[in-house]
Each structure stands twice: as C-alpha cells, then as structure tokens.
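Since the structure comes first, as structure tokens, the remarks are kept for the end.
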Amino acid sequence: MIKSLKNQLVVALGLLVTVIGIVQGVSSYQLSKTGMSALLDMRLEQVAARMRDGYAEGIPENPARGSQDDRDVVVVVWKPDVDQPFRTTDPSLHFPRDAKPGFTGAEVNDEHWRIFTRQEPTMTIQVAQRSSVRREISQEAATQTLWPIAVLLPLVWIAVALVVRRSLRQLHELGAEVRAIDMSHLQPLPTVGVPTEIAPFIHSINTMIERLATSIEKERKFIADAAHELRTPLTALQLQADNLAPHIVAGNQERFQELRKGIARSGKLIAQLLRLARADAPVGGTPFSRVDLSEVVTGAVADVLPIAIARGMDIGAEEMLNVHVRAVETDIGMAVRNLVSNAVRYTPDGGTIDLRMRRDGDLVWVDVVDTGPGIAPELLPRVFDRFFRANPDIEGSGLGLSIVKAIAARYGGDVTLENRTDGRSGIVASIGFPVEEVSENAAAPVLNT
Ligand SMILES: Nc1ncnc2c1ncn2[C@@H]1O[C@H](COP(=O)(O)OP(=O)(O)OP(=O)(O)O)[C@@H](O)[C@H]1O
Ligand SMILES: [Mg+2]
C-alpha cells in the first residue's frame, strides 16, 4: 500500500516506538499502582504502631458518628475481655475483632475495607482503609506516570520523520539526477559523499551510462562513416549525369531530370546525416569562441533572403539583443539556419517570417515565427525524431530539427516548437543558448526587408 520507502520507514519506526512506549507505559502504570498500594499498607502498619505506643488514649472516647473524612484511615482499639471497642475513630463501623493478625479484607457497611490487625498482650489494634479510596489514590499516582510518554510519543514520531527525511534526501537528489539522464546528457553520477548502501547502485548506473555512451558513439561514428563513404560514389554519379546531360535525347529529358533530382536529394540527405553526426559528436574537437548571436540571426536571414523575395515573403529580424554565446560559430549558425529554412520551406508564398531574440534567465532565445499551416498537435511531439516529416508532400529529409536539438543539447540549451497561440496559423520555433555574460548591453541594429 505504502510505496514510498520514506513512508515505510517512518511508519515502521514510528509504530515500533509507539509499541515500546505503550509497553513501557503499561508497565510503569502497574508498577506505580503496586508501589502505591505497598506505601498505603505501610501507613496502616505505622499508624497501628503509634497506637501501641500510647497514642490510642489520644482518640476521643465518643467521636461523632460519620465525622471522619471518607479518605481517612479508621482506627479501632480493643481491650482484652471487653466487647465494646476501647477507642474507635468511627463508632458506626464494626470491624471483625477476631481478624487474623496482619492484612485482611472485609465487607463492612457494604464497603470493602483493607484492615491491618495487630495483637498486643494489652490490646488489639485495627487500622483500616476503604479499598475504593486506596484504588483511587494508587490510580491517580499511576496515571501521573503516563504523562511523559503521552507527550514524548508525538515528538518521537516527528523526530523519526525528520531523521528519515534527512537520511533519504540524498536518495531523492540522486533520483533527480538519474531522471535528468538522457541521450544528450550522459554524464556519470557523482560518487563522492554517497552513502555506502547506495554506492553499488551508482556504480552500476555509471557503468550502464558508460556502455550506453560507447554504443551511442559507435552508432554515431557508423552513420558518419557511412555518409562519408556514400559521398564519393554519389559525387561520381553526379559527374556522370553532368557528362551525360548533353547527350540525352529530348524524349528522355523529363526522366533524366527526375534522375538528377534523385541524385540531388540523396546528396542533401547525406549532407544532413553528416551534420547530424557532427552535432551529436562529443564536445571538444573545435575550440569555442565568443559568438555574437544577433550577427548569426541576421546572417541566417540574409542567406534565405533571395528565396524569400522570389516567393513574395516578408522576412525580418526584430528585437535583436547584444548577447554572446560561447560556442563553435558554425554550430549556432546551422541551428538557426535550420529553423529559418523550415519556416521558409513550410510557409506558403506571400507569407511572413519574423525572427526575434529574447532573454529568459540564463538563456537567450531566438524565436522564428511563421505564417505557415502549423503542425497537427498530435504530431508535434514527434517533430524532433530523426527522419520524421509531418508533411510528406514537401521535400525534406526529416533530420533538420534533430540536428537543431543535438546542437542545443551540446551547449546546454533547449529547443521548442509550437503552434502559434495568437490566433494566427503558423509555428513558433525557438532555440535557446546559455548567455555568455558581457558588460556592454547596447541593442544591435534591426534588419528588416
Ligand atoms: N515551420 C514549420 N511549419 C510547418 N511544419 C514544420 C515546420 N518546421 C518543421 N515542420 C515539420 O516538421 C518536420 C521535421 O522537420 P525537420 O526540419 O526535422 O525535417 P525536414 O525539414 O523535413 O528536413 P530537413 O530539415 O532535414 O531538410 C518537417 O518535415 C515538417 O513537416
Ligand atoms: Mg527542416
């Protein structure tokens, strides 16, 4: 029922402490009751001893009936051969004179009494107390012993919960780190300061991460090698086609053009595969530099400007920020260009494409907003998958967004793709990179067509 280890521990330890507390409580209650009863007995004995020592005469000869408090002890002193008590503190009570010496019990006036009888040569002394009063006194005393446990038990529950939570916090933090592991974040988990009980798990997870990283790297290398190997024969094919072009008879021109388009498509696919393999490669090959993001954005706009103009599109970059990113410039350029090229490719002629920059915490974002058809919501989660194309009617290899995602992950950034929410149809594609802090903060010039 209780799935959480923390809850299980808290409940188990709490119940254990409660059971110990209850057992302790019951035993101290009983002990205290027995002890109190022994004390009351001692009092009866002591009073009897005092009577023997001559105190009996101090008792008034004719005390008023029922004048004594219920809780008081009753003293009766008999002289030998006299039927009536020599002295009694309560004449309405008639204790059995022939009771055995020592402690006995007797019913007197419908009440149970504990009686101590002392036989002396000159007198018989009886000291008695109501059993109900004795019970009351010893219960009162015993109940007092339960207070500390009653107060401590809830405090112990709280302490148990705090201690367990504290001990499991590390496990919780580890869980968060394990959750953060994905293809783009295959870092081994930290092993320093880890409790010995968890260390074997961490080592196993780290070994698994290592194996995973190796196999991913192998796969990436294979793709890179395969794409590289395919490039040479494809270039040869291209050359052959170019050489053949003048010799193709008019009737075969159309089929020949299809052939050339196929070759060009394959070339693009191989180029994208190589880019993806490069974007997925571990960081460290090319040194990073300080990249002016607004320059990259305006550069990407300038690249597609001729196509955009030819198709009657309005493309512009606004709200540029003077923000730098520490990266390989070609990577950042490729990521932004892929988003811009998608916007141009999937927006019908005459549409509008806006690029803008915004800062959100540590990240600087480039938004590419178009007026295209957008993407069906159920297909949106798949757009970053390799080879996924939401619109098969428009030519594409389905790798562009995978490349963008790999580049974003490489620099600790992020990428998102959503339908517009301002009532117009179209996509907002955004890529964010961690900002390299700079002192100057002037706005860069705005480029608009
Ligand atoms: N701005 C956009 N508007 C509408 N659909 C888009 C947009 N951007 C991407 N898509 C859809 O997402 C799919 C995946 O895009 P991605 O860039 O990964 O591949 P591609 O454009 O098909 O090929 P490539 O970029 O490799 O040439 C596209 O096929 C397209 O259907
Ligand atoms: Mg694309």
Side-chain angles (χ1 to χ4, degrees), residues 183-184 220 223-224 226-227 230-231 234 261-280 296-297 299-301 303-305 307-308 311-317 330-356 365-410 413-432:
M183 296 276 277
S184 57
R220 187 196 68 79
I223 293 172
L230 278 170
R231 240 180 9 181
L234 201 75
K261 269 194 212 158
I263 294 172
R265 263 202 306 276
S266 308
K268 277 184 200 159
L269 176 61
I270 287 169
Q272 284 291 72
L273 271 176
L274 272 173
R275 287 187 194 115
L276 181 59
R278 252 179 245 137
D280 271 336
V296 172
V297 172
V301 172
D303 280 356
V304 294
L305 208 52
I307 308 170
R311 292 182 45 203
M313 287 172 152
D314 178 11
I315 180 165
T330 47
D331 283 350
I332 307 293
M334 192 188 301
V336 176
R337 272 202 307 278
N338 261 306
L339 296 186
V340 175
S341 109
N342 276 354
V344 172
R345 192 184 300 170
Y346 300 108
T347 303
D349 293 357
T352 306
I353 295 162
D354 288 317
L355 277 86
R356 50 172 187 250
W365 290 85
V366 176
D367 294 335
V368 183
V369 187
D370 63 45
T371 55
I375 298 175
E378 65 274 15
L379 299 181
L380 265 179
R382 296 171 56 197
V383 288
F384 293 105
D385 293 351
R386 294 175 188 182
F387 301 109
F388 178 76
R389 288 160 61 216
N391 183 351
D393 297 339
I394 300 178
E395 201 179 285
S397 61
L399 289 177
L401 289 175
S402 307
I403 296 170
V404 178
K405 192 176 175 185
I407 293 174
R410 192 181 171 85
D414 202 1
V415 55
T416 61
L417 198 108
E418 290 160 1
N419 284 306
R420 286 175 73 149
T421 51
D422 57 0
R424 300 191 63 176
S425 100
I427 285 287
V428 182
S430 311
I431 184 159

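This chain uses plain numbering: 1 for the first residue, then up along the sequence. Indexing begins at 1, ligand by ligand and atom by atom, following the structure's order.
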Note: Ser430 and Val428 closest approach over all heavy atoms is OG-CG1, 3.8 Å
The reported gap from CE in Met313 to OG1 in Thr352 (rounded to nearest 0.5 angstrom) is 8.5 Å
Do Arg386 and Asp280 sit within salt-bridge range, that is, some charged N less than 4.0 Å from a carboxylate O? yes
Note, the Mg ion (ligand 2) has protein N, O or S atoms under 2.8 Å numbering 1
Rounding to 0.5 Å, atoms CG (Leu230) and CG (Leu269) come to a distance of 9.0 Å
After noting the C-alpha distance and the side-chain angles of Ile431 and Asn338, does the key distance pass the side chain to side chain contact (heavy atoms under 4.5 Å, CB included) rule?
CA-CA 11 Å; Ile431 184 159; Asn338 261 306; over 6 Å; no
Identify the protein atoms, limited to N or O, that lie within less than 3.5 Å of an N or O atom of ligand 1, and list each pair with its distance to 0.1 Å.
from     : atom 1 : to     : atom 2 : distance (Å)
ligand 1 : 1 (N)  : Asp370 : OD2    : 2.8
ligand 1 : 8 (N)  : Asn342 : ND2    : 3.4
ligand 1 : 17 (O) : Asn342 : OD1    : 3.0
ligand 1 : 17 (O) : Asn342 : ND2    : 2.9
ligand 1 : 17 (O) : Leu401 : N      : 3.4
ligand 1 : 18 (O) : Gly400 : N      : 3.3
ligand 1 : 18 (O) : Leu401 : N      : 2.8
ligand 1 : 19 (O) : Gly398 : N      : 3.4
ligand 1 : 21 (O) : Asn342 : OD1    : 3.1
ligand 1 : 21 (O) : Arg345 : NH1    : 3.2
ligand 1 : 21 (O) : Tyr346 : OH     : 2.7
ligand 1 : 22 (O) : Tyr346 : OH     : 2.9
ligand 1 : 22 (O) : Gly398 : N      : 3.3
ligand 1 : 23 (O) : Ser397 : N      : 3.0
ligand 1 : 23 (O) : Gly398 : N      : 2.9
ligand 1 : 25 (O) : Gly400 : N      : 3.3
ligand 1 : 26 (O) : Gln272 : NE2    : 2.8
ligand 1 : 26 (O) : Ser397 : OG     : 2.5
ligand 1 : 26 (O) : Leu399 : N      : 3.0
ligand 1 : 26 (O) : Gly400 : N      : 2.8
ligand 1 : 27 (O) : Arg345 : NH1    : 3.1
ligand 1 : 27 (O) : Arg345 : NH2    : 3.2
ligand 1 : 29 (O) : Tyr346 : OH     : 3.2
ligand 1 : 31 (O) : Ala390 : N      : 2.9
ligand 1 : 31 (O) : Asn391 : N      : 3.0

To the nearest 0.5 Å, atom CD1 of Ile403 lies from atom CZ of Arg275 at 6.5 Å
Quiz prompt | Working for side chain to side chain contact (heavy atoms under 4.5 Å, CB included), residues Leu339 and Val404 | solution = CA-CA 8 Å; Leu339 296 186; Val404 178; 4.1 Å; yes
Between the CG atom in Leu276 and the OG atom in Ser397, the distance rounded to the nearest 0.5 Å is 9.5 Å
| Between Asp422 and Arg424, does at least one N-O distance fall below 4.0 Å, as a salt bridge requires? | no
